[in-house]
Amino acid sequence: MNGVLEWLLLTLLLTAAFLVFLLWRTPYFITRTVIRGLGRRLGGPPWNRFLIGGVPTSGVDRVVRTSPDVIYMFGAFDASRGPVLVRCAVPDDGTYWCISAYAKNTDNFYCRDDRGAQNRDFNLVIAGPRGEYAKRGDEEVVRAPGARGVIIVRAVIKNREDAEEAARIQELLKRTTIAPCSQAQHAAPVLARRGRQVP
Amino acid sequence: MSALAILLSFFVALIVAGLLYVMFIAGPLLRLILAVHDFLRTSAFGKLLYSESSHHANGPWRIDLSLGTERAGLYTKAVIARTSLFALRPPEVVYFRADHDSAGNPIRQHDSYIIEGGDLDARWWSLTAYRRSRLIPNPAGRHSFSQTTVARRSDGTWRIHFSRTPHPENWLPAGEGRGNLALVLRFYGPGTHLLAHLDTAPLPAIYREAAA
């Protein structure tokens with residue numbers, strides 16, 4: 001009898017441990033899947049590059065609960081070899097715009113919108129948890145909880161039926177670039193091939 | 001205990017944990033275990049899994065303010081990753097979700113609904129329909145209405161017709177099928193009044209019009 005109880009107790013404890021482990025790892029697993037998908041669409045390593053999406057519509061909404069009224073620019077940062085610099089171009093025409101950064105467990109550890117940005121063009125430095133960075137000017141420095149994560153730039157499209165508006169938003173997003181601080185040249189973001197294309 | 005018993009225990013635990021995980025995360029069986037949720041929430045184990053008192057209800061709308069924050073528990077984070085990945089944390093954006101109409105019945109694809117509201121307290125807002133957290137395919141290619149696209153009546157209020165069949169006024173297609181749907185109301189730059197009165201601030205009502 002005691003043996004059976006011991007076995008049940010052990011099984012119960014192991015079940016709880018496995019369940020907690022599965023729940024804990026789910027966000028990491030999904031983030032990793034999204035980053036791998038980003039790499040496939042970029043045609044190479046996903047790190048420190050941006051991909052601009054088209055107007056979200058059914059069938060090409062790669063991320064759950066995508067807003068169909070927002071054009072997204074996805075990127076994955078890698079600050080493991082030093083801080084990463086994001087040169088942000090903020091719209092000044094009242095378009096809702098924001099840049100946000102996520103840890104691999106999906107925690108949103110940084111967000112700045114167009115109204116919160118002090119300048120129309122500002123620099124954001126993302127440093128890893130153990131990375132050193134000496135502040136040089138008025139750049140905003142944020143320390144990420146992990147060396148790698150996701151960056152998303154969002155801009156609201158006030159009328160998704162308006163192709164000219166969508167093209168204008170994409171042009172606006174293109175002006176925000178990302179690269180390691182050690183790298184002087186910032187590569188231009190890549191336009192997604194899928195999604196409702198705009199002229 | 002023998003090595004065989006321990007090995008058996010390991011595999012049984014793995015299978016049971018897998019089943020529980022599917023029940024927790026995959027959704028369809030979630031309602032079966034809602035009864036034990038309240039108990040879990042108050043236990044030490046529950047506090048590890050769930051967010052701390054961050055849920056609000058306002059009519060048919062539900063909001064979890066722990067979305068995207070470190071305060072979210074393991075279970076909440078896992079569900080967020082499955083259903084609301086990379087959400088913005090409040091107060092940048094707040095997300096209200098409705099799975100039920102104002103009468104408390106599930107929002108079903110084969111029924112027709114009227115969503116009624118007025119100006120909402122935000123810099124910009126949008127109302128989007130989802131099935132299984134994905135945009136609903138429809139020939140019109142319409143998935144949402146927003147502050148800038150909804151047609152208002154003379155008194156400033158608006159009415160959205162959420163149905164399978166077209167309607168001349170603000171038609172939000174529900175697509176084909178018989179599943180349950182969800183509506184998400186996004187507030188970009190929510191107003192201070194809304195943030196202070198999440199439980200009582202005026203939000204759109206959802207009425208079932210007629211069964212198809």
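Each chain gets a letter, A, B and so on, in the order the sequences are listed, and its residues count up from 1.
- With 3.5 Å as the limit, one finds no donor-acceptor pair spanning the side chains of B:R164 and B:Q109.
- Of the two parts of B:V184, only the side chain, counted from C-beta on, holds a non-hydrogen atom closer than 4.5 Å to a non-hydrogen atom of chain A.
- With a 4.5 angstrom heavy-atom cutoff, B:I6 touches chain A via backbone and side-chain atoms both.
- In terms of non-hydrogen atom pairs under 4.5 Å with chain A, the most contact-rich of B:I15, B:I80, B:L14, B:N138 is B:L14.
- Heavy atoms of B:R134 lying under 4.5 Å from chain A belong to its backbone as well as its side chain.
- In this structure, chain A has a heavy atom under 4.5 Å from the side chain of B:R97, while its backbone stays farther away.
- Looking at B:L8, both its backbone and its side chain come within 4.5 Å of chain A, counting heavy atoms on both sides.
- A donor and an acceptor atom, one from each side chain of B:S66 and B:T69, are nowhere located under 3.5 Å apart.
- Between A:L124 and A:L85, the closest side-chain pair of non-hydrogen atoms is not below 4.5 Å.
- With a 4.5 Å cut-off on non-hydrogen atoms, B:R89 touches chain A through its backbone and its side chain both.
- Interface summary for chain B: among A:T31, A:L12, A:D114, the most heavy-atom pairs under 4.5 angstrom belong to A:D114.
- A distance-only check finds a donor-acceptor pair linking the side chain of B:Y113 to the backbone of B:R108 [under 3.5 Å].
- Looking only at heavy-atom pairs under 4.5 Å with chain A, the residue among B:Y95, B:Y188, B:F86, B:W124 that has the most is B:F86.
- Summarising the local packing, CZ of B:R152 is surrounded by more than 12 heavy atoms from other residues, nucleotides or ligands at distances under 6.0 Å.
- Heavy-atom pairs under 4.5 Å with chain B peak, among A:T106, A:L10, A:L8, at A:L10.
- At a cut-off of 3.5 Å, with distance as the only test, no side-chain donor of B:W125 or B:S146 sits close to an acceptor on the other residue.
- Checked against a 6.0 Å centroid threshold, the rings of B:F145 and B:F162 do not count as neighbours.
- One side chain, A:T11 or B:S9, offers a donor N or O that lies under 3.5 Å from an acceptor on the other.
- Between chain A and the residues B:G189, B:G175, B:A17, B:S126, the most heavy-atom pairs under 4.5 angstrom are made by B:A17.
- Only the side chain of A:R154 comes within contact range of chain B, with at least one heavy atom under 4.5 Å from a heavy atom of that chain.
- Under a cut-off of 6.0 angstrom, the local environment of CZ in B:R132 is sparse, with at most 12 non-hydrogen atoms contributed by other residues, nucleotides or ligands.
- For chain B, the nearby parts of A:Y96 are the backbone and the side chain; heavy atoms of each come within less than 4.5 Å.
- When heavy atoms are compared at a cutoff of 4.5 Å, B:F10 approaches chain A by way of both its backbone and its side chain.
- Here the two rings, on B:F187 and B:F96, have centers that are under 6.0 Å apart.
- Looking at B:Y130, only its side chain comes within 4.5 Å of chain A, counting heavy atoms on both sides.
- Within the 4.5 Å cutoff, side-chain heavy atoms of B:K77 are placed close to those of A:N105.
- For chain B, the nearby parts of A:L22 are the backbone and the side chain; heavy atoms of each come within less than 4.5 Å.
- The contact between B:T128 and chain A is made entirely by side chain atoms (from C-beta outward), counting heavy-atom distances below 4.5 Å.
- Looking at A:R160 and B:T149, their side chains never bring a donor and an acceptor atom within 3.5 Å of each other.
- Most heavy-atom pairs under 4.5 Å with chain B, from the set A:D69, A:V34, A:V70, A:V150: that is A:D69.
- In this structure, B:E116 CD and B:W158 CH2 are separated by 9.0 Å, a value rounded to the nearest 0.5 Å.
- Contact tally against chain A (heavy-atom pairs below 4.5 Å) for B:L85, B:L88, B:L67: the top residue is B:L88.
- Residue A:L9: no heavy atom, backbone or side chain, is found under 4.5 Å from chain B.
- Between B:H167 and B:H161, the angle of the ring planes stays under 30°, which puts this pair in the parallel group of the 30/60° scheme.
- The greatest number of non-hydrogen atom pairs below 4.5 Å with chain B, out of A:A103, A:C111, A:S100, is found for A:C111.
- Contact tally against chain B (heavy-atom pairs below 4.5 Å) for A:I152, A:L14, A:D107: the top residue is A:D107.
- Contact of A:Y110 with chain B is not made at all, since no heavy-atom distance falls under 4.5 Å.
- For B:I136, the part sitting under 4.5 Å from any heavy atom of chain A is the backbone (N, CA, C, O) and nothing else.
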